[in-house]
Protein chains: 2
Amino acid sequence: MKQTTSKLQDTLLDATETVVARQGIANLTLDAVAAEARMSKGGLLHHFPSKDRLVEALVIRTAEGWRSCYTEAYERTPEGPGRMARALLDHCLSDAKCWTEELRRSSSAVFAALAQNPALIQPMRAVYADLHLRIAKDGLPSGVAEAVAAAIDGLWLDWVLGIVPLEQDRVVRVRRALEDMLAHATQNRRSSKAKSAPRKRSGGLRV
Amino acid sequence: MKQTTSKLQDTLLDATETVVARQGIANLTLDAVAAEARMSKGGLLHHFPSKDRLVEALVIRTAEGWRSCYTEAYERTPEGPGRMARALLDHCLSDAKCWTEELRRSSSAVFAALAQNPALIQPMRAVYADLHLRIAKDGLPSGVAEAVAAAIDGLWLDWVLGIVPLEQDRVVRVRRALEDMLAHATQNRRSSKAKSAPRKRSGGLRV
DNA sequence: TCAAGCATACCGTCCGGTCGGTCTGGTGTC
DNA sequence: GACACCAGACCGACCGGACGGTATGCTTGA
């Protein structure tokens, strides 16, 4: 799965992202990529045997980037219940230092690629499966970590698609809400090992 | 913005979705759509002057569908703080009755369309702006409703892209976590009108 | 009879992929 | 050191098919 990408191949993949970012994946042509990378089409095809392979490599590279990203965040985070959730909060929602323009470009390129060729979900699925595994054994009522992950995905979606402009404030607000949720969950877990407090039937929550 | 779509145009849009769902938007051709709708290409072009317009109409139809969907949910929800958040929870996360295969198809088609032509974000943006307006004046610490919306978006993303298979259990777990968060927020708001309790610096949350 | 609805044939363009070729640097041989 | 040889990197002209769009004509109902 993790293929060796040479320096030059990386350059070509960068060029691909650039073209997609600028012209949309509908206008992603081998000629355009080659031009962007200042190479001939023949040269490009020498490194990637087909357009499909090129795009696939792009997706894989990005997926692996994500994996190592959250893996490192996890390693950095102190042990204890909710470790993965805390890692996600700290890494993804702190000061937006991880919401770089570069990430946006690659993410949006991957999105486009997925739309083009649904089979490319595969590498993504692998990464997500890995992530959800960590989340599952997070040591908290499992919905909590899942909610955190989902919320981050949601913010990320808005951002990548450009549906809603990225407001720093909004990220901070959401982060606080999620942190509170996490704190409460941790607290409850500590105070009562019993089944979580009796709750209204799931139809409900009327205030 | 809200264009009148005739019965027949709807059929053609359905056909378009079907083709996208089956073959990906890369293989969305006028011929394919026409064939799917059992009509000639000329007939198709008689109703939609170009492929772009066809796809645009598809996006608009879906966007308006979403809008009316959450608007109705909002109307159905009792007044009070967190109304929009509750509406979203009740509608989107209750028994998955709104996670229909039909929605998945149309959503994924829209995704593909957006990837193909970024300008089509426009209708989506309008709908989201409307939604976020309601969320902003939800009467709770604003991050809470935003977090709910984001989490739902995240679940929705996983589902539409097929990154993670839709598990009913997972939806329920996340729903509970979010409900708890909402309940706490509502409670805090009731007990203290003061600024929310002193919190650790946002760097933190160490358990 | 006229217009709207639709079908058929066709055109021009674009683009992925092929293929023959050139250039460069490395390696053995004398 | 000179030479032959070779492999891999890279080029770019070209081909063939696909696809969006047009032009034109048929059919049906008012």
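Just so it is clear, the model here is predicted, and its values are computed rather than measured. Here is the naming used below: chain letters follow the sequence lines, and residue numbers restart at 1 for every chain.
- Between A:W159 and A:W99, the ring-plane angle classifies as perpendicular under the 30° and 60° cut-offs.
- Look at CG on A:D52: it is 13 Å from C1' on C:dC15, rounded to the nearest Å.
- Residue A:H47 places no side-chain N or O under 4.0 Å from the OP1 or OP2 atom of D:dG8.
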Give the C-alpha distance, both sets of side-chain angles, the deciding distance and a yes or no for side-chain contact (heavy atoms from CB on, under 4.5 Å) between A:V55 and A:L28.
CA-CA 10 Å; A:V55 176; A:L28 175 69; 4.0 Å; yes
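- Between the P atom of D:dA13 and the CG atom of A:L45 lies a distance of 15 Å, rounded to the nearest Å.
- Here A:E75 pairs with nothing under the salt bridge (charged side-chain N to carboxylate O under 4.0 Å, His left out) rule; sequence neighbours left out.
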Using the side-chain contact (heavy atoms from CB on, under 4.5 Å) rule, take B:L155 and B:L93 through it: C-alpha gap first, then chi angles, then the decisive distance, then the call.
CA-CA 10 Å; B:L155 287 178; B:L93 298 191; 3.9 Å; yes
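- Helix bend of the helix from C:dT1-D:dA30 to C:dC30-D:dG1: the angle between its two end axes, each built from five pairs, comes to 0° after rounding to 10°.
- One interatomic measurement links the two molecules: NZ of B:K51 to P of C:dC14, which rounds to 15 Å at whole-angstrom precision.
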From CA spacing to verdict: side-chain contact (heavy atoms from CB on, under 4.5 Å), A:M181, B:D180:
CA-CA 8 Å; A:M181 181 177 68; B:D180 281 351; over 6 Å; no
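- Judged purely by atom type and a 3.5 angstrom limit, A:R104 uses its side chain to pair as donor or acceptor with the backbone of A:V160.
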Working for side-chain contact (heavy atoms from CB on, under 4.5 Å), residues A:R22 and A:E17:
CA-CA 8 Å; A:R22 202 168 46 215; A:E17 275 179 13; over 6 Å; no
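- At a threshold of 4.0 angstrom between heavy atoms, the contacts of A:L8 are confined to the sugar-phosphate backbone, with no base atom among them.
- Within the 3.5 Å criterion, the main-chain N or O of B:L140 finds no donor-acceptor partner in the side chain of B:D138.
- Between B:H46 and C:dA7 there is no side-chain N or O to OP1 or OP2 distance below 4.0 Å.
- Salt-bridge check for A:R175 with A:D90: passed, with a basic side-chain N closer than 4.0 Å to an acidic carboxylate O.
- Ring geometry for A:H184 against B:H184 counts as parallel: the plane angle stays under 30°, on a 0 to 90° scale with 60° as the upper cut.
- Here the C1' atom of nucleotide D:dG20 and the CZ atom of B:R53 are 15 Å apart, to the nearest Å.
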Can you name the atoms? Protein N/O to nucleotides 23-29 of chain D N/O, anything below 3.5 Å, with the distance.
none

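- Nucleotide D:dA9 holds its C1' atom 19 Å from the NZ atom of A:K7, rounded to whole Å.
- The only member of A:T62, A:T18, A:D14 that meets side-chain hydrogen bond (donor to acceptor under 3.5 Å, both in side chains) when paired with A:R105 is A:T18.
- Residues of residues 24-41 of chain B having a heavy atom closer than 4.0 Å to DNA chain C, listed by number: B:M39, B:S40.
- By the 6.0 Å contact criterion, CD on A:Q23 is enclosed, its count of non-hydrogen atoms from other residues, nucleotides or ligands being greater than 12.
- Counting any heavy atom pair closer than 4.0 Å across all strands shown, B:L44 reaches no nucleic acid atom.
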Sort me out a list of protein N/O and nucleotides 22-26 of chain C N/O pairs below 3.5 Å, or just none if empty.
none

Table please: side-chain donor-acceptor pairs of residues 123-136 of chain B below 3.5 Å, with sequence neighbours left out.
unit_1 : atom_1 : unit_2 : atom_2 : d
B:R125 : NH1    : A:G162 : O      : 2.6
B:Y128 : OH     : B:D153 : OD1    : 3.1
B:Y128 : OH     : B:D153 : OD2    : 3.2
B:D130 : OD2    : B:R67  : NH1    : 3.3
B:D130 : OD2    : B:Y70  : OH     : 2.9
B:H132 : ND1    : B:Y128 : O      : 3.1
B:H132 : NE2    : A:R170 : NH2    : 3.2

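- In this structure, A:K41 contributes its side chain and A:A35 its backbone to no donor-acceptor pair below 3.5 Å.
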